[in-house]
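What follows is a short report on a single structure.
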There are 2 protein chains.
Amino acid sequence: MARAATTADAFNAVAEPRRRQILDALAEGERPVNELVGLLGLAQPQVSKHLRVLREVGAVDVRDEGRKRLYRLNGHALKPIHDWVKNYERSWSERFDELDVVLEDLKQKEQDDGDNDQ
Amino acid sequence: MARAATTADAFNAVAEPRRRQILDALAEGERPVNELVGLLGLAQPQVSKHLRVLREVGAVDVRDEGRKRLYRLNGHALKPIHDWVKNYERSWSERFDELDVVLEDLKQKEQDDGDNDQ
DNA sequence: TTGACGTATTCCCATATGGGTATACGATTG
DNA sequence: CAATCGTATACCCATATGGGAATACGTCAA
C-alpha cells in the first residue's frame with residue numbers, strides 16, 4: 001500500500017502547507033480562485049487542484065458567480081483534528097498543571113490502599 | 001516535487017492513522033515496541049518504521065532498557081497542530097457564539113463611524 | 001560462545017503526490 | 001458568432017510512501 005490519499009481525510013488534506021494557507025486565507029471570507037493565486041504566489045492550476053482536495057474532504061464549499069467560483073471555508077471538517085490533538089494539550093499548557101497534581105495525589109492514595117491490602 | 005516527507009513536520013507525521021494510534025497508546029505511558037505491535041496488530045518492522053517517523057518529528061522519545069526500547073510520548077511536538085486548528089474552533093463550538101455577537105456589534109459601530117465621516 | 005530475544009534496517013513494489021505546462025470548458029462581452 | 005476571461009482537467013515526471021519479507025544488530029541467558 002502507498003501513502004493514504006490526500007483526500008482520505010482532513011488530516012491528510014491539511015498536511016500540505018499550501019492547503020493550510022488557503023484555509024487561512026478563506027477564514028477572512030469568500031474568495032475567487034484568482035485571488036488565492038495572488039495570495040499564494042502559486043500557478044492557477046495548482047491552486048485549483050488544492051481546492052479540489054479541500055472540497056473533497058469538505059473543508060471548503062463553492063459557489064458560482066458569473067465566471068468566477070467563490071470558495072468559502074467550512075471549518076467543520078477540521079473538528080476531528082481538533083478533537084484528537086486537544087487530548088495532548090496537557091503536554092504544553094500550564095492550565096493542566098494543577099489538574100496533574102490532583103491526579104498524582106489520587107494515584108498515590110490508590111497505591112497506599114493497595115499496600116494496606118497486603 | 002512530490003508530496004512532502006512524512007518526517008517534514010508533525011502535520012505530515014500525524015496524517016497516518018497508525019501513527020496517531022501509537023501516540024494514543026503512548027499517552028498512557030512508556031511502552032516497548034512489542035507491546036505496540038500487539039496493540040496495533042501490525043508487523044514489528046512497520047511499527048518500528050512508524051516510530052522512526054515519530055521520533056524524527058520529535059513526537060516520541062526513546063530509552064533503552066536491556067534489549068527493550070521504551071518509547072515515550074512527547075506531546076510538545078503536536079502544539080503547532082493545536083495552535084493552527086484552534087483558530088477554526090468557532091466553526092463548531094457554541095462557546096464562540098456570544099463572542100461573534102460582540103464582534104458583529106463592534107463591526108457595525110465602526111461602519112457607522114465611517115458613515116459619519118462622509 | 002552459542003542461541004534466543006527485541007528491535008532496526010534493507011530491499012521490493014504499487015500507488016499517488018505536487019509542480020509544470022498545455023489545453024478544455026463555461027460564462028460574459030462585443 | 002468570436003474573443004476573452006476565470007477555472008478545471010489532462011499529462012508528464014521525480015519522489016517517497018507503507019506494507020511485506022528477509023536480515024542485520026545488540027543484549028542477555030545457558
Side-chain angles (χ1 to χ4, degrees), chain A residues 1-23 25-26 29-73, chain B residues 1-23 25-26 29-73:
Chain A
M1 202 186 282
R3 210 202 292 206
T6 55
T7 53
D9 53 40
F11 283 95
N12 281 281
V14 154
E16 165 65 35
R18 306 295 204 167
R19 287 195 282 265
R20 289 200 298 278
Q21 276 190 301
I22 289 179
L23 293 181
L26 293 182
E30 236 177 13
R31 289 184 193 281
V33 178
N34 262 339
E35 212 168 307
L36 294 170
V37 169
L39 288 173
L40 298 199
L42 205 60
Q44 176 267 315
Q46 340 301 340
V47 174
S48 280
K49 284 187 233 172
H50 282 313
L51 285 168
R52 191 163 187 351
V53 173
L54 291 173
R55 236 190 319 148
E56 290 199 30
V57 300
V60 300
D61 292 324
V62 213
R63 179 169 72 87
D64 284 33
E65 191 175 272
R67 31 188 165 184
K68 300 195 176 184
R69 306 203 86 190
L70 300 182
Y71 282 85
R72 172 209 308 269
L73 173 70
Chain B
M1 203 188 283
R3 210 206 288 208
T6 55
T7 54
D9 54 39
F11 284 96
N12 281 281
V14 153
E16 166 64 34
R18 307 295 205 167
R19 287 195 282 266
R20 289 200 299 278
Q21 276 191 303
I22 290 179
L23 293 180
L26 294 181
E30 238 177 11
R31 288 183 193 281
V33 179
N34 262 340
E35 211 168 307
L36 294 170
V37 168
L39 288 173
L40 298 200
L42 205 59
Q44 176 267 313
Q46 340 301 340
V47 173
S48 282
K49 285 187 233 171
H50 283 312
L51 285 168
R52 190 162 187 356
V53 173
L54 291 173
R55 236 191 319 148
E56 290 199 31
V57 300
V60 299
D61 293 324
V62 213
R63 179 169 73 86
D64 283 34
E65 191 176 272
R67 29 186 166 184
K68 300 195 176 182
R69 306 203 87 190
L70 300 182
Y71 282 85
R72 171 210 308 271
L73 173 70

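Reminder, nothing fancy here: chain letters follow the sequence lines and each chain counts from 1. These numbers come from the heavy atoms of this one structure, side chains and all, not from hydrogens, waters or symmetry mates.
The shortest side-chain heavy-atom distance between B/R3 and A/N12 falls under the 4.5 Å cut-off.
Closest-nucleotide positions on DNA chain D for A/A2 and A/P32 were compared, and the one nearer the 5' end corresponds to A/P32. Along DNA chain C, the nucleotide nearest B/E35 and the nucleotide nearest A/T7 are compared for position; the residue whose nucleotide lies closer to the 5' end is B/E35. Residue B/R55 is the one, among A/V53 and B/R55, whose nearest nucleotide of DNA chain C lies closer to the 5' end (criterion: closest heavy atom). A residue-by-residue look at A/V33 and B/R19 shows that A/V33 has its nearest nucleotide of DNA chain D further toward the 5' end.
Atom CG of B/L26 is separated from atom CG of B/L70 by 10.5 Å, given to the nearest 0.5 angstrom. Taking CD of B/E30 as the reference point, atom NZ of B/K68 lies at 11.5 Å (rounded to 0.5 Å). Here B/T7 contributes atom OG1 and B/L54 contributes atom CG; the two are 11.0 Å apart, rounded to the nearest 0.5 Å. One distance of note links OG1 of B/T6 with CD of B/E56; it measures 7.5 Å at 0.5 Å rounding.
Between B/L51 atom CG and C/dA8 atom P there is a gap of 7 Å when expressed in whole angstrom units. Here the P atom of nucleotide C/dC5 and the CG atom of B/N34 are 11 Å apart, to the nearest Å. For the pair B/K68 NZ and C/dA8 P, the interatomic distance rounds to 13 Å; values are reported in whole Å. Here the C1' atom of nucleotide C/dA8 and the CZ atom of B/R69 are 8 Å apart, to the nearest Å.
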Output a table of nitrogen or oxygen pairs between the protein and nucleotides 20-26 of chain C separated by less than 3.5 Å.
from   : atom 1 : to    : atom 2 : distance (Å)
C/dG20 : N7     : A/Q46 : OE1    : 3.4
C/dG20 : N7     : A/Q46 : NE2    : 3.3
C/dG20 : O6     : A/K49 : NZ     : 2.7

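Taking 4.0 Å as the cutoff to heavy atoms of chain A, we find the contact window on DNA chain D bounded by D/dT4 to D/dG18.
Applying the side chain to side chain donor-acceptor pair (under 3.5 Å) rule to pairs touching residues 13-22 of chain A yields A/R19-A/H50, sequence neighbours excluded.
Checked by atom type and distance alone, the side chain of A/R31 pairs as donor or acceptor with a backbone atom of A/A25 at under 3.5 Å.
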Exercise. Take A/L36 and A/L51 through the side chain to side chain contact (heavy atoms under 4.5 Å, CB included) test and state the conclusion after the steps.
Key: CA-CA 10 Å; A/L36 294 170; A/L51 285 168; 4.0 Å; yes
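Applying side-chain contact (heavy atoms from CB on, under 4.5 Å) to B/V47 and the options B/L39, B/V37, B/N34 leaves one that passes, B/V37.
At the heavy-atom level, A/S48 lies under 4.0 Å from base atoms of the strands shown.
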